[in-house]
Amino acid sequence: MSQMKSVYFNHDAGVDDLVSLFMLLQMDNVELTGVSVIPADGYLEPGADASRKIIDRFGHGNQAPETAKSNSRGKNPFPPAWRMHTFYVDALPILNESGTMEAPLSDLPAHRHMIRQLLANEGKTTLLFTGPLTDLARALDEAPEIEEKIEKLVWMGGGFERGNVDEPEHDGTAEWNVFWDPEAAYRVWQSGIEIDLVALESTIKVPLDLKIRKRWATERRYEGVDFLGNCYACCPPLVHMENNSTYYFWDVLTTLSIGKPELVSKKTINCVVIPDGKSQGRTVEQADGRPVNLVYDTDPEAFADYMIELAKKA
Ligand code: AGV
Ligand code: CA
């Protein structure tokens, strides 16, 4: 029997963020203590609604986790075309069949909701962040005592050999979740929290390609597998070569590394975050930087199998 983990999930309402929530709800070794939504690579209202509908439709526990909305703002906005994905997922018929939202909505802003949930949990909580770190940076400023209640932070962010930002006035070396709010990542780097960093080095191994799409189509008789196929229908797959819109399983790999740690390879490195200037949001390996557990590799077959295995439990 693997041990039960308490997990608090802060996401930014992209397709792979919402699919991550769906996956978390299928893990029998995870207890979800709360969900919060930050409007970075997605929109807030449909992001919170879709989260609650996913909990309603696909949650198994008798106690549904609360969803909280963030009031944080970033520095470098995401392209609106990507953010529109939130509306597509929220509109999927399977999430709107009942016409109601039963899962509770918190009236606290995300960072305060997270503080409350961390302090209310007797043991330590794993933080899963699949968007920018703004809410965590604010929570640490307001309530530094939460640091002791955090088992570790598992974050999709960063890249050492490459970035994925293609914007004017930037040199392209940053990953988007760091770039949206570089100062927040810089702040979290000053803390003593243990960090598992799922950076572009590993996520590049798991692109959304036609092969996995075909597997979902073939097994669409399973409601959860059909849901995966429908969610990703609005994301362009990798066919010939990568471009700026190519979609990877960034957040899903990050999330699945909690349910099945042996899916990924990690090594400790020391690194810093560049908070401003033309390389803002870049993560750089540096001998006197803070240590992180860098997730640098995964097995794409084992990843796809586990994703489908979880979806079949829905
Ligand atoms: O940089 C990866 C992060 C992940 O948290 N997001 C998407 C994932 O949710 C930003 C992003 C980078 N490239 C993108 C992104 C693309 N082509 N479409 C949508 N979002
Ligand atoms: Ca995300």
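For this chain, numbers begin at 1 and follow the sequence in order. Ligands are counted one by one from 1 in listed order, and the atoms in each one are counted from 1 as well.
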- Among non-hydrogen protein atoms, atom 11 (C) of ligand 1 lies closest to W82 CZ3, 3.6 Å
- Message: If you define the side chain from C-beta out and look only at heavy atoms, does anything of K69 sit under 4.5 Å from V37?
- Response: no
- Heavy atom of the protein closest to atom 10 (C) of ligand 1 (residue, atom name, distance): D41 OD2, 3.2 Å
- Message: Would D12 count as being in polar contact with ligand 1, using the rule that some N or O on each side must be under 3.5 angstrom apart?
- Response: no
- Query: Within less than 3.0 Å of the Ca ion (ligand 2), any N, O or S from M156?
  - Reply: no
- Note on the structure: Closest to atom 1 (O) of ligand 1 among protein heavy atoms sits E175 OE2, 2.4 Å
- Item | Name of whichever N/O/S atom of D12 is nearest to the Ca ion (ligand 2) | OD1
- Would you mind running through ligand 1 and noting each atom that sits below 4.0 Å from a heavy atom of S245? 17 (N)
- Message: Applying a heavy-atom cut-off of 4.0 Å, say which part of Y247 lies close to ligand 1: side chain, backbone, both or neither.
- Response: side chain
- Side chains of F160 and C271: does their closest heavy-atom pair fall under 4.5 Å? yes
- Query: With backbone taken as N, CA, C and O and side chain as the heavy atoms from C-beta onward, which portion of D251 lies under 4.0 Å from ligand 1: side chain, backbone, both, or neither?
  - Reply: side chain
- Message: Can a side-chain donor-acceptor contact be found between K5 and N29 if the only test is distance below 3.5 angstrom?
- Response: no
- Message: Would you say the rings of Y232 and F249 are close, in the sense that their centroids are separated by under 6.0 Å?
- Response: yes
- Query: Which atoms of ligand 1 sit under 4.0 Å from any heavy atom of T246?
  - Reply: 17 (N)
- Y248 near ligand 1 by a heavy-atom separation under 4.0 Å: no
- Item | Close side-chain approach of V198 to W250, heavy-atom, < 4.5 Å | no
- Message: For the 3.5 Å polar cut-off, considering only N or O atoms, please tell me whether D17 and ligand 1 meet it.
- Response: yes
- Item | Presence of N, O or S from D17 under 3.0 Å of the Ca ion (ligand 2) | yes
- Do you know which of K214, K312, R213 makes salt bridge (charged side-chain N to carboxylate O under 4.0 Å, His left out) with E219? K312
- What one should report as the nearest heavy-atom pair of A314 and G224 is CB-CA, 4.0 Å
- Query: If you draw the axis of the six-membered ring of Y43, does the NZ or CZ of R83 fall within 45° of it and under 6.0 Å from the ring centre?
  - Reply: yes
- Query: Any idea which of D166, V15, D16 brings a heavy atom closest to atom 8 (C) of ligand 1?
  - Reply: D16
- the Ca ion (ligand 2) to D251: any N/O/S contact under 3.0 Å? yes
- Got L263 and Y306 here, is their nearest side-chain heavy-atom distance under 4.5 Å? yes
- Could you state the interatomic distance from CD (E285) to CG (L294), rounded to the nearest 0.5 Å? 7.5 Å
